[in-house]
**Q** 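The structure that follows is given in the form of C-alpha cells.
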Number of protein chains: 2
Amino acid sequence: MIDISAHGLSPGELLARRLATASAPYRARPEELGVFGPTTHLGAGGEIIPAGRGPGAPKLLVSGVAGEVRALGDGRRQILRLRLPGDLLYACDYEAVVALGRAHVADARPFLQALNDPGAPAGLRRAWLALGQADQDMLRDQLVRLGRMTASERVAHFLLETHHRLGHLGLTDGDTFHLPATQEVLSDLIGLSVVHLNRTLQALRRSELISLRNGRVEVLQREALIDLCDWRPVGPPSPAATSEAEVAGA
Amino acid sequence: MIDISAHGLSPGELLARRLATASAPYRARPEELGVFGPTTHLGAGGEIIPAGRGPGAPKLLVSGVAGEVRALGDGRRQILRLRLPGDLLYACDYEAVVALGRAHVADARPFLQALNDPGAPAGLRRAWLALGQADQDMLRDQLVRLGRMTASERVAHFLLETHHRLGHLGLTDGDTFHLPATQEVLSDLIGLSVVHLNRTLQALRRSELISLRNGRVEVLQREALIDLCDWRPVGPPSPAATSEAEVAGA
DNA sequence: CGCTCATTTGATTGTTATCAAAAGAAGTGG
DNA sequence: CCACTTCTTTTGATAACAATCAAATGAGCG
C-alpha cells in the first residue's frame with residue numbers, strides 16, 4: 001500500500017498532479033511551479049503553522065496528514081478539515097495547523113511567486129483557482145456532515161471523500177488507501193466521540209462496506225457506501241473512478 | 001425595533017457601512033461603490049441564486065435574511081450559513097441561495113466592477129478582502145458549532161454572532177435585534193430539530209439569558225452568554241460592543 | 001370567521017456521549 | 001530479545017442529549 005506519510009513524490013510532482021486533475025486541468029512543466037527548498041519533517045502533533053500570529057509563510061503539505069485544530073477550552077476540540085499531501089496550508093486566525101502524524105512540509109512561497117508572476121500561464125492560474133473552489137466545496141460538505149448526517153453517514157461520506165482526494169494524487173491503490181490518523185483524530189474531524197466512532201466503524205465493517213485497520217482503508221462496496229450517505233464527488237471524477245464504480249456495481 | 005427586512009438603507013450606504021467596520025476599515029464615498037440598479041423583491045423561500053448553474057451575476061443582499069441551502073433528499077436540509085444585509089451572494093455548486101423571509105436583492109456587478117477597476121483605492125480593496133476573511137472565519141465558527149457544541153451553546157453562539165454582525169451595520173438597537181426567521185429555519189442552520197431548538201430557546205429564556213419572540217431577539221445577559229459558549233467576535237469589535245459589555249457585566 | 005403557518009407541549013424512542021476498564025499494538029531502553 | 005511504558009483500540013454499562021411522533025395552542029391573514 002502507498003504510504004502517504006512517506007511517498008516518494010517531490011513537491012513539484014505533487015502539485016503537478018493536483019493541477020492536472022483540477023476541474024480546469026493544467027499540465028504543468030516542473031519548472032513552472034517554482035523551485036522548492038528542502039522539506040521539513042514533523043512528528044505527530046507538530047505545529048506546522050501556529051494560530052493567530054498573522055500571515056506567515058504558507059506551507060505545502062508534502063506528505064502525511066494535517067488539520068486545522070480548534071481547541072474549546074475544556075477537552076473538546078474540532079478539527080476543521082483534513083489536509084492531505086498537495087494541500088497548501090495557510091495561517092488561520094483561531095486555529096493552529098497541526099501535523100496529525102508524521103508529515104513533511106515545504107515552504108510554498110516559491111510556488112506562490114511563480115503563480116503570481118505576470119508571465120504565468122493563464123491555464124495554471126485557472127487550474128489553481130479550480131482547486132481553491134474544490135476546497136471551498138469540500139468545506140461545505142464538511143458543514144453538512146457535521147450538521148445533518150448521522151454517525152455512519154459521516155464516516156462513509158468522509159471516507160469516500162478522502163479516497164477521492166487521494167485518487168487524484170495517484171496515492172490510492174484501487175479501492176484501498178492509507179489514512180495515517182488515529183480514531184481520536186478522526187472523531188474530532190467528523191464530530192463524534194472516539195467510542196462512538198469506533199462502534200460506527202465496527203458496524204460498517206460488519207456490513208462489509210469497508211475494511212479498516214492500521215490506517216489501511218478499503219472501500220469494499222462503493223455503491224452501497226455512496227447510497228448510504230448520498231456522496232457526490234467534488235470537482236472532476238477521480239482518474240480511475242468510472243471503472244471502479246462499474247466493478248463495485250457489478 | 002429596526003426591521004432588517006425593511007430598513008431604509010440604500011445598497012451603497014449598506015456597503016459603505018460594512019467597509020467602514022471591516023478589520024481594515026475604509027470610509028467609502030458612495031460613488032466609489034458603483035451605481036446600483038433597482039432592487040428585486042422576494043418572498044420567503046424565493047430562490048435568489050439557483051444551485052449549480054455556474055457563475056451567474058452575484059447579488060447584494062439589501063434587506064432580509066438569506067441562506068445557502070443544501071437539501072438531503074429525504075426531508076433533511078442544512079442551511080450552510082446565514083446571510084445578512086450587506087452580504088454578497090454568489091452561486092454555489094450544490095446549494096441554492098434562498099430568501100428565508102421577505103428580502104430585497106440588487107445586482108452586485110456594478111460594485112464588483114468598481115472594486116476591480118484599476119483605479120480603485122487600495123484601501124477599498126483591503127477592506128473588501130478583510131470582509132471576505134471575516135466571512136471565512138465565521139464559516140469556521142459554524143463548523144465548530146455544528147461539530148462540537150451542545151444545543152444551548154450553538155444557540156448562544158449563533159445569536160451573539162448575529163448580534164455582532166448586525167451591530168456592524170447599525171441594525172441593532174442596543175442589545176436587541178431583529179431576526180426574521182422561523183425556528184425551523186434556525187434549526188436547519190444550527191443543526192437541531194425544530195422541537196429541540198424550541199426547547200433550548202425556552203431554557204435560555206427561563207434562565208433570562210435571552211428574550212425572543214416575533215423575530216425580536218434581546219441579549220439579556222451578554223457576559224453569561226459569552227461564558228456559556230466561549231464566543232469571540234470575528235473581525236473588529238462591534239461599534240458599541242465595549243460599552244454594552246460593561247453594562248452587562250455590571 | 002376560518003384558514004394556514006408557527007410555536008409549543010407531551011410522550012417516547014433512538015442516538016450519541018461519558019465513564020471505566022480491558023485488551024491489543026507499538027515504541028523504548030536495557 | 002524482553003520488560004516496560006505508552007498509546008490506541010475495543011468492550012461494557014449507563015446517562016445525557018436530541019430526534020421523532022402526534023397533537024394542541026397561538027398568531028397572522030384574507
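Order of the sequence lines fixes the chain letters, A, B, ..., with proteins taken first and strands second; residue numbering starts at 1 for each chain. Scope of the values below: all heavy atoms of this structure, side chains included, with no hydrogens, waters or symmetry mates.
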**Q** So does B:Q202 get a side-chain nitrogen or oxygen closer than 4.0 Å to the phosphate oxygens (OP1/OP2) of C:dT7?
**A** no
**Q** Start with the C-alpha distance between A:H7 and A:H178, add both sets of side-chain angles, then the distance that settles side-chain contact (heavy atoms from CB on, under 4.5 Å), and finish with yes or no.
**A** CA-CA 11 Å; A:H7 60 70; A:H178 180 215; over 6 Å; no
**Q** Could you give the CD-to-P distance, from A:E184 to D:dT9, as a whole number of Å?
**A** 9 Å
**Q** What integer distance in Å separates A:L179:CG from D:dT8:P?
**A** 14 Å
**Q** So A:L9 and A:R17, do their side chains get closer than 4.5 Å, heavy atoms only?
**A** yes
**Q** Grab the N/O contacts between the protein and nucleotides 13-19 of chain D below 3.5 Å, and write none if there aren't any.
**A**
from	atom 1	to	atom 2	distance (Å)
D:dA13	N6	A:R199	NH1	3.4
D:dA18	OP1	B:A151	N	3.0
D:dA18	OP2	B:H196	NE2	3.0
D:dA18	O5'	B:H196	NE2	3.3
D:dA19	OP1	B:S193	N	3.4
D:dA19	OP2	B:S193	N	2.9
D:dA19	OP2	B:S193	OG	3.1

**Q** Looking only at side-chain N and O atoms, does A:N198 come under 4.0 Å of OP1 or OP2 in D:dT10?
**A** yes
**Q** Tell me the salt bridge (charged side-chain N to carboxylate O under 4.0 Å, His left out) pairs involving residues 208-217 of chain B, sequence neighbours left out?
**A** B:R216-B:E218
**Q** Is the shortest side-chain N/O distance from B:Q183 to OP1 or OP2 of C:dT8 below 4.0 Å?
**A** yes
**Q** I'd like a list of close polar pairs between nucleotides 23-30 of chain D and the protein, N/O only, cut-off under 3.5 Å.
**A**
none

**Q** Which atom pairs, one a donor and one an acceptor, fall under 3.5 Å between side chains of residues 188-198 of chain A and the rest of the protein, sequence neighbours left out?
**A**
from	atom 1	to	atom 2	distance (Å)
A:D188	OD1	B:R148	NH2	2.8
A:D188	OD2	A:R77	NE	2.4
A:D188	OD2	A:R77	NH2	3.2
A:S193	OG	A:H196	N	3.2
A:N198	OD1	A:Q202	NE2	2.3
A:N198	ND2	A:Q183	OE1	2.9

**Q** I want to check something: taking the side chain as every heavy atom from C-beta on, are A:Q221 and A:S207 in contact at a cut-off of under 4.5 Å?
**A** no
**Q** Whole angstrom is fine here: how far is it from CZ in A:R206 over to C1' in D:dT10?
**A** 12 Å
**Q** Using whole Å, report how far CG of A:L212 lies from C1' of D:dT8.
**A** 13 Å
**Q** Anything under 30° is parallel, anything over 60° is perpendicular, the rest tilted; go ahead and classify A:W231 against A:H164.
**A** perpendicular
**Q** CG of A:L100 versus P of D:dC7: gap in Å, rounded?
**A** 17 Å
**Q** Counting only side-chain N and O atoms of B:R205, is one of them less than 4.0 Å from OP1 or OP2 of C:dT8?
**A** yes
**Q** Any side-chain hydrogen bond (donor to acceptor under 3.5 Å, both in side chains) pairs touching residues 150-162 of chain B, not counting sequence neighbours?
**A** A:R76-B:E153, B:R145-B:H157, B:R145-B:E161, B:T150-B:E153
**Q** Any non-hydrogen side-chain atom of A:L100 less than 4.5 Å from a side-chain atom of A:I79?
**A** yes
**Q** Check whether any side-chain heavy atom of B:R81 sits under 4.5 Å from a side-chain heavy atom of B:R83, and report yes or no.
**A** yes
**Q** When rounded to the nearest 0.5 angstrom, what is the spacing between CG in B:L171 and CZ in B:F177?
**A** 11.5 Å
**Q** With axes from five pairs an end, tell me the bend angle of the helix from C:dC1-D:dG30 to C:dG30-D:dC1, nearest 10°.
**A** 40°
**Q** Should A:V105 and A:L61 count as side-chain neighbours, where that means a heavy-atom distance under 4.5 Å?
**A** yes
**Q** Provide, to the nearest angstrom, the distance between the CG atom belonging to B:L186 and the P atom belonging to C:dT8.
**A** 12 Å
